Amino acid sequence: MSVQAQAIARHFGKACQSYSNAARLQRLTGYALLDALPVAPQGNLLDLGCGPAWLHPELVQRCQQLLAVDLSAGMLQQAQQLALAKDYIQADAAALPLAAASVQKVFSNLMLQWCPKPARVAAELERVLQSGGMVLLSTLLQGTLAELRQAFLALELTPHVNQFLTADALLLAMQQGAPTMDWQLQIETVQLSYPDVLALGRELKSLGANYVPDKTRKGLTGRSYWQQLQQAYPKGAGTTQKEPLENGAAETATKTIVASYQVAYLTGVKR
C-alpha cells in the first residue's frame, strides 16, 4: 500500500464511528446508484469502498454473494458487525486480490475520487468482471466545494480542498483503463446546507473526507481562523431560513451556507 493510500486509510479509520451519521451526500448518491442496480439476486456483487456498510441490507438482496472491500481496516470492522458479506477484504481498488472474471456486479459509492490513478482502478474492474458484468459507481468532479475553495483564495491561503477531475478527464481515464467496457456518465449538482463553515468542516472530518494530499498546514483550528473563513465564504452561496422560537411567539432568521458537490454517476458494462 502506498504512503498516500495509508494516509487515506488512517483518515477514514478515524471516522469509522462517525461516518454513518454524517453521510448525507453519501446516502443521496448511494440510493441513486441502488435505483440503477438490477434487483435480480444473481452472481457475486462487489461493494468497492464499502465504508461502514450501511447499504448492505439492500445490496445483499441483489446478489447471491456480497463481497466487501475497503482501504480502511476501521471501516471494515464496522462493516463486519452487520455480517452480511461473504468476505471482508482490506485492499486498494487499484490492486484487488480477486480472481479474474469472478464478479458479476460492482457497486462503488463515492470512492473513486480518493484514487490517484482511476485508469488503474478501471483496469482492475475490467479484470474481475465477467463478460456482461456491470459497474455502477459515483464519484466527485471538478467544482466540488467550489465555495470553500473560493473562501480560501479570498484569504490568500492555499485551498485545503482536493483536486477533482473534469468529467472529460474521468471518462477518458475509465475508457483507457478498461477498453473492453462501454461507459456512460451522468452529472448532477448536489447542494447541501450548513449552519456555517465550521459545521461544513466538522462534517468533512466526521466522514474522513478532510484528507488533502501534500497539505502543508495542520488542521483548521482556532476560532478567529474559522471566523475569517466564514466571512470570506461567498455570500451568494447561502440561504436565510426562518426558525420558530421555543414559545412559538416569534421567528428568528438563521443564515446558512451552501456547499456544492459535482457528482458523476458512471455505468460500465463489460463486452
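Predicted model only: the values in this text are computed from it and were never measured. Heads up: numbering here begins at 1 and tracks the sequence.
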K.L.:
Group every Ile, Leu, Val, Met, Phe, Trp and Tyr by side-chain heavy-atom contacts under 4.5 Å, then state whether L25 and L137 land in the same group.
P.N.:
no
K.L.:
Does S72 reach the main-chain N or O of M75 with its side chain, forming a donor-acceptor pair under 3.5 Å?
P.N.:
yes
K.L.:
Check the pair V135 / L48 against side chain to side chain contact (heavy atoms under 4.5 Å, CB included), numbers first and verdict last.
P.N.:
CA-CA 10 Å; V135 174; L48 185 57; over 6 Å; no
K.L.:
Sub-3.5 Å donor-acceptor pair from the side chain of K105 to the main-chain atoms of R62, do we have one?
P.N.:
yes
K.L.:
Is R24 positioned over the aromatic face of Y194, cation under 6.0 angstrom from the ring centre and no more than 45 degrees off axis?
P.N.:
yes
K.L.:
A quick test of your reading: do over 12 heavy atoms of other residues, nucleotides or ligands sit less than 6.0 Å from CD of Q186?
P.N.:
no
K.L.:
Tell me whether L155 is reachable from L148 by hopping between hydrophobic residues (I, L, V, M, F, W, Y) whose side-chain heavy atoms are closer than 4.5 Å.
P.N.:
yes
K.L.:
Is it true that a side-chain atom of Y233 and a backbone atom of V258 form a donor plus acceptor pair closer than 3.5 Å?
P.N.:
yes
K.L.:
So which atom in V263 and which in T29 form the shortest heavy-atom distance, rounded to 0.1 Å?
P.N.:
CG1-CG2, 3.8 Å
K.L.:
So, do L34 and L59 sit near enough that their side-chain heavy atoms are less than 4.5 Å apart?
P.N.:
yes
K.L.:
Is there a side chain to side chain contact (heavy atoms under 4.5 Å, CB included) between Y19 and Q78 once you walk through the steps?
P.N.:
CA-CA 10 Å; Y19 185 95; Q78 287 293 111; over 6 Å; no
K.L.:
Using modelled atom types and a 3.5 Å cut-off, is there a donor and acceptor pairing between side-chain atoms of R27 and backbone atoms of S20?
P.N.:
yes
K.L.:
Could you tell me whether the side chain of D92 reaches within less than 4.5 Å of the side chain of L71, counting heavy atoms only?
P.N.:
yes
K.L.:
Consider only side-chain heavy atoms of I, L, V, M, F, W and Y, link residues closer than 4.5 Å, and tell whether Y31 and L84 are in one cluster.
P.N.:
no
K.L.:
May I ask you to test the L110-Y261 pair for a side-chain heavy-atom distance under 4.5 Å?
P.N.:
no
K.L.:
Taking only residues two or more places apart in sequence, or in another chain, which ones meet R127 in a salt bridge (Lys or Arg N to Asp or Glu O under 4.0 Å)?
P.N.:
E124
K.L.:
Might you work through the side chain to side chain contact (heavy atoms under 4.5 Å, CB included) test for L170 and F164, ending with a clear yes or no?
P.N.:
CA-CA 9 Å; L170 172 63; F164 301 101; over 6 Å; no
K.L.:
Would you say the side-chain atoms of Q142 pair up with the backbone N or O of L165, donor to acceptor, closer than 3.5 Å?
P.N.:
no
K.L.:
Over 60° means perpendicular and under 30° means parallel, so tell me whether W114 and F12 are parallel, tilted or perpendicular.
P.N.:
perpendicular
K.L.:
Restricting to non-hydrogen atoms, name the atom on A259 and the atom on L145 that form the minimum distance, rounded to 0.1 Å.
P.N.:
CB-CD2, 4.0 Å
K.L.:
Ignoring hydrogens and angles, tell me if any N or O in the side chain of K270 forms a donor-acceptor pair with the backbone of E126 under 3.5 Å.
P.N.:
yes
K.L.:
Any side-chain donor paired with an acceptor under 3.5 Å for T139 and Q113?
P.N.:
yes
K.L.:
Give a yes or no answer on whether the side chain of Y211 reaches the backbone of G208 with a donor-acceptor pair at less than 3.5 Å.
P.N.:
no
K.L.:
Under 6.0 Å from the CD atom of Q6, do we count more than 12 heavy atoms belonging to anything else shown?
P.N.:
yes
K.L.:
Is the side chain of Q184 donor-acceptor paired with the backbone N or O of T267 at a distance under 3.5 Å, no angle test?
P.N.:
no
K.L.:
List the atom of S108, the atom of L33, and the distance in Å for their closest heavy-atom pair.
P.N.:
O-CD1, 3.5 Å
K.L.:
Consider only side-chain heavy atoms of I, L, V, M, F, W and Y, link residues closer than 4.5 Å, and tell whether L28 and L37 are in one cluster.
P.N.:
yes
K.L.:
Testing the basics here: between V269 and G132, what is the closest heavy-atom pair and its distance to 0.1 Å?
P.N.:
CG1-O, 4.2 Å
K.L.:
First locate atom CG of L129, then atom CZ of R271, and finally report the distance between them rounded to the nearest 0.5 Å.
P.N.:
13.0 Å
K.L.:
Main chain of L67, side chain of D87: is a donor-acceptor contact present, judged purely on distance under 3.5 Å?
P.N.:
no
K.L.:
Do T144 and Q262 have side-chain atoms, one donor and one acceptor, less than 3.5 Å apart?
P.N.:
no
K.L.:
Looking at every non-hydrogen atom in both residues, tell me the closest pair between S206 and A15 and how far apart they are.
P.N.:
O-CB, 3.2 Å
K.L.:
Which atom pair, heavy atoms only, marks the closest approach of P57 to L82?
P.N.:
CD-CD1, 4.4 Å
K.L.:
Does atom CZ of R149 have more than 12 heavy-atom neighbours, drawn from other residues, nucleotides or ligands, at distances under 6.0 Å?
P.N.:
yes
K.L.:
Do D47 side-chain atoms and L66 backbone N/O form a donor-acceptor pair below 3.5 Å?
P.N.:
no
